[in-house]
2 protein chains.
Amino acid sequence: MLFTISEMQTKLRQHIEKIIPLTDEEFAVVFSHFSFRKVKKHQFLIQEGDSVNHSYFVVSGLLKLSYTDANDKEHILHFAMEDWWVSDYKAYFTKAKATMSLDCLEDANVFCLSLDDHNKLCGSLPKMEHFFLTKSHYGYIASQQRILSLLTTSAKERYEQLLIQYPSLIQRVNKTLLASYLGVSRETLSRLSS
Amino acid sequence: MLFTISEMQTKLRQHIEKIIPLTDEEFAVVFSHFSFRKVKKHQFLIQEGDSVNHSYFVVSGLLKLSYTDANDKEHILHFAMEDWWVSDYKAYFTKAKATMSLDCLEDANVFCLSLDDHNKLCGSLPKMEHFFLTKSHYGYIASQQRILSLLTTSAKERYEQLLIQYPSLIQRVNKTLLASYLGVSRETLSRLSS
DNA sequence: ATTTCAGCGTGATGTAGATCACATTAAGAG
DNA sequence: CTCTTAATGTGATCTACATCACGCTGAAAT
């Protein structure tokens, strides 16, 4: 799927306007704070140890945010597809080094927002602070739900929930990655789905 | 520990001023949006099925936010002590019915903020939107860390992390509750700590 | 002062899921 | 078109943790 910049711009605008209405002038201000980047499969936007300079809005494609533990086992915090915001936010907001990595599973188009530009944008357009606050609330709520699902349900139930919630992911992501998102071994997931 | 209203007011102000400075007039505006409530041990601030009218700032005392599953097993999302904000935020922001409950483990003093007042406050004092955004970011980051800890570590490791991170909790909360926060059975936790 | 019960430890046993090992197939790379 | 590597399924075994069952202790309720 190919997009022109102007189509992608529209996607970003529609995304924001789900929460706050914007005039053309306002959107122009918003848009001027972003930069654009194409990412190819297997490319990293963030690697462990990097400074994290941007938060990313995914226009198209698929990314994964993951953490690799001391035993070299990868754990997936979440996937990020169309219309998602993603970064190692701990590192981003605290200006610390990344402990997570963000890499590309399917060629992607992303808009990039530096912390500096984020702050300037909120300064010049207070509505945007409201937009980000709303987004952040939803992100928080989603994480709480994920915690609950890890605390209360079995691997099988989590897999079934995922099938219902994000049916498309199962087509797009291999089982090994799904397993490490669900918090089970590849082998166990294989046995569950058969 | 007893506090006067004015001491508690100061606590709230100091808490906010860790993030944004406020003039006396501004703080007066802020404060006028809160109400105050004393809560006794075993009292509920939120019960499953309730409408969730408030977000709570804990001045003193100890609360727990928990979810009870289909088998009547309680799972603790988190404890909330001095200086924490707590509510069933999903229900609060979406005006849905509570799926969680919030109840008091040690007599507490809390300031209460309705969604309506939250919005009015942000409207009249945009700085406060920034304050809440910052808080929300930290909440999000903390949940992500919790997810990672559930994905990557054993019950024993999680217990040890907790000992380091919140040593005071171990004194204040009984083992059964600690276990359901850590996501293990009471019996297993007992074996771990001995 | 006796009763009741919450909190905690601990043994015996059951089980979901991890780990190891190997075979098959599909898909990129030269 | 072959060669190599990634993705998946499946058996055998191991282990962390759950569940069930019981006894002890100390605090609160009568």
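Reminder, nothing fancy here: chain letters follow the sequence lines and each chain counts from 1. Keep in mind that this is a model prediction, so the values were computed, not measured.
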Nucleotide C/dC8, atom P - distance to CG of B/Leu177 in whole Å: 9 Å

Kindly write out the residues that satisfy ring pair (Phe, Tyr, Trp, His ring centres under 6.0 Å) with B/His137, not counting sequence neighbours, or none if the list is empty. A/Phe93

A/Lys41 atom NZ is separated from C/dA27 atom C1', nearest whole Å, by 10 Å

Is there a donor-acceptor contact under 3.5 Å from the side chain of B/Gln165 to the main chain of B/Leu162? no

Contact list (N/O, under 3.5 angstrom) for nucleotides 5-7 of chain D vs protein:
unit_1 : atom_1 : unit_2   : atom_2 : d
D/dA7  : OP1    : A/Asn174 : ND2    : 3.2

Would you tabulate the side-chain donor-acceptor contacts of residues 110-123 of chain B under 3.5 Å, counting partners in other chains and residues two or more places apart, or write 'none'?
unit_1   : atom_1 : unit_2   : atom_2 : d
B/Ser114 : OG     : B/Asp117 : N      : 3.0
B/Ser114 : OG     : B/Asp117 : OD2    : 3.1
B/Asp116 : OD2    : B/Lys120 : NZ     : 3.3
B/Asn119 : ND2    : B/Leu115 : O      : 3.3

Distance in angstrom units between B/Tyr159 OH and C/dC8 P, rounded: 10 Å

Going by atom types alone, do B/His42 and B/Asp103 pair a side-chain donor with an acceptor below 3.5 Å? no

Residue set satisfying side chain to side chain contact (heavy atoms under 4.5 Å, CB included) with A/Thr176, at least two apart, ordered chain then number -> A/Asn174, A/Arg186

Separation of atom CD in A/Glu74 from atom P in C/dA18, rounded to whole Å: 16 Å

Centroid-to-centroid, A/His78 to A/Tyr181, below 6.0 Å? no

Over 60° means perpendicular and under 30° means parallel, so classify the ring planes of A/Tyr140 and B/Tyr89, tilted if in between. perpendicular

May I ask you to check if B/Arg37 and B/Tyr56 form a cation-pi contact, with NZ or CZ under 6.0 angstrom from the six-membered ring centre and within 45° of the axis? no

Please write out the pairs of protein N or O atoms and N or O atoms of nucleotides 11-18 of chain D separated by less than 3.5 Å, giving the distance to one decimal.
unit_1 : atom_1 : unit_2   : atom_2 : d
D/dG11 : N7     : A/Arg191 : NH1    : 2.9
D/dG11 : O6     : A/Arg191 : NH2    : 3.3
D/dA12 : N6     : A/Arg191 : NH2    : 3.4
D/dC17 : OP1    : B/Ala155 : N      : 3.0
D/dA18 : OP1    : B/Ser185 : N      : 3.1
D/dA18 : OP2    : B/Ser185 : N      : 3.0
D/dA18 : OP2    : B/Ser185 : OG     : 2.9
D/dA18 : OP2    : B/Thr188 : OG1    : 2.5

Side-chain (B/Glu160) to main-chain (B/Glu157) donor-acceptor, under 3.5 angstrom: no

Does B/Leu105 reach the side chain of B/Phe79, with side-chain heavy atoms less than 4.5 Å apart? yes

Review item, nucleotides 27-30 of chain D N/O atoms under 3.5 Å of protein N/O:
none

